[in-house]
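Start at 1 and go down the list; that is how both ligands and their atoms are numbered.
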Amino acid sequence: MLTEKIQELLQEQINREFYSAYLYLDFSNHYNEVGLDGFGHWYYLQAKEEMEHARQFMDYLHKMDVKVQLKAIAQPDKKIKKVLDGVEMALEHERFITASIENIYAVAHEAKDYKTLDFIQGLVREQVEEEDSARILVDKVKAYGDDPSSLYLLNQELRGRA
Ligand SMILES: [Fe+2]
Ligand SMILES: [Fe+2]
């Protein structure tokens with residue numbers, strides 16, 4: 001049986017993962033609208049990954065016999081003005097998500113909830129990849145984003161994300 005506190009944190013994390021998906025869909029739309037379809041594609045796939053994270057949390061709650069209660073997803077409110085904005089806000093957002101997941105780890109550890117610790121460990125590991133891929137994108141936009149032909153090539157590269 002999960003403690004009330006841990007149930008609450010896991011339910012909240014489902015909302016945060018869906019918000020992440022919504023945020024990245026918003027970025028995807030923005031980049032598509034300004035002709036950067038490779039960036040648009042990259043963030044569309046990222047949004048799908050976030051939905052998959054939400055699914056993992058819902059699945060875990062179900063396995064622990066907890067009813068999933070979906071909350072309203074907030075409207076994305078981060079406005080992209082230049083190419084660098086979106087990738088930087090994405091990295092900042094991933095760091096926020098990492099802190100949120102690590103808090104669940106800390107609370108589960110405190111409660112000696114070994115099942116939740118085992119489950120959340122995989123998501124702590126996943127956040128290393130999430131922050132890394134977000135950081136790589138920031139570095140690339142910083143390196144090539146100011147030159148139109150380099151930006152064109154970077155956009156082409158991002159189209160290739162599988
Ligand atoms: Fe996520
Ligand atoms: Fe993420």
Side-chain angles (χ1 to χ4, degrees), residues 2 5-33 36-64 66-80 82-109 113 115-142 145 154-155 157-162:
L2 296 174
K5 179 68 188 166
I6 287 173
Q7 288 188 34
E8 203 178 285
L9 289 173
L10 292 169
Q11 301 272 16
E12 181 63 30
Q13 193 62 37
I14 292 170
N15 190 262
R16 288 181 174 171
E17 297 298 336
F18 279 123
Y19 176 78
S20 303
Y22 225 38
L23 180 68
Y24 295 148
L25 276 178
D26 194 48
F27 288 3
S28 174
N29 288 335
H30 169 82
Y31 284 124
N32 280 326
E33 285 157 10
L36 291 168
D37 58 344
F39 284 76
H41 170 73
W42 200 93
Y43 279 106
Y44 181 75
L45 293 188
Q46 194 56 37
K48 281 171 72 170
E49 267 202 26
E50 301 302 344
M51 301 264 295
E52 170 57 21
H53 298 158
R55 190 199 60 77
Q56 289 176 30
F57 280 94
M58 293 190 289
D59 193 44
Y60 179 65
L61 283 180
H62 284 150
K63 281 180 181 160
M64 297 304 290
V66 177
K67 183 170 170 51
V68 171
Q69 279 157 339
L70 295 180
K71 304 169 203 289
I73 306 166
Q75 184 178 12
D77 59 351
K78 299 182 195 298
K79 288 281 159 275
I80 299 175
K82 51 186 194 314
V83 183
L84 186 61
D85 293 345
V87 295
E88 281 188 329
M89 288 186 291
L91 176 57
E92 183 192 343
H93 182 69
E94 287 301 332
R95 288 176 174 153
F96 164 73
I97 294 294
T98 298
S100 178
I101 287 173
E102 287 179 349
N103 179 54
I104 299 174
Y105 188 99
V107 173
H109 190 266
D113 177 349
K115 297 186 186 79
T116 301
L117 272 180
D118 181 61
F119 164 70
I120 208 74
Q121 182 67 60
L123 286 133
V124 170
R125 207 178 302 122
E126 169 71 10
Q127 280 312 113
V128 174
E129 303 304 320
E130 292 282 90
E131 284 193 37
D132 186 46
S133 58
R135 194 181 317 100
I136 286 170
L137 214 44
V138 169
D139 289 345
K140 285 185 176 176
V141 172
K142 278 185 177 165
L154 176 56
N155 183 66
E157 179 193 318
L158 296 183
R159 267 191 198 169
R161 181 179 177 182

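- Look at Asp132 and Arg135 and you find a salt bridge, because one of the NZ, NE, NH1 or NH2 atoms lies within 4.0 Å of a carboxylate O, short of that distance.
- For Lys48 and Glu52, the salt-bridge test fails: no basic side-chain N is under 4.0 Å from an acidic carboxylate O.
- Sorted by chain and number, the protein atoms of type N, O or S within less than 2.8 Å of the Fe ion (ligand 2) are Glu50 OE2, Glu94 OE1, Glu94 OE2, Glu130 OE2.
- Using cut-offs of 30° and 60° on the angle between ring planes, the pair His109 and Tyr105 is parallel.
- A salt bridge is absent between Asp118 and Lys115; no separation between the charged side-chain nitrogens and carboxylate oxygens falls under 4.0 Å.
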Let me see the working for Phe119 and Phe57 under ring pair (Phe, Tyr, Trp, His ring centres under 6.0 Å), right down to the final yes or no.
-> CA-CA 9 Å; Phe119 164 70; Phe57 280 94; 5.2 Å; yes

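- No side-chain donor-acceptor contact under 3.5 Å links His53 and Gln56.
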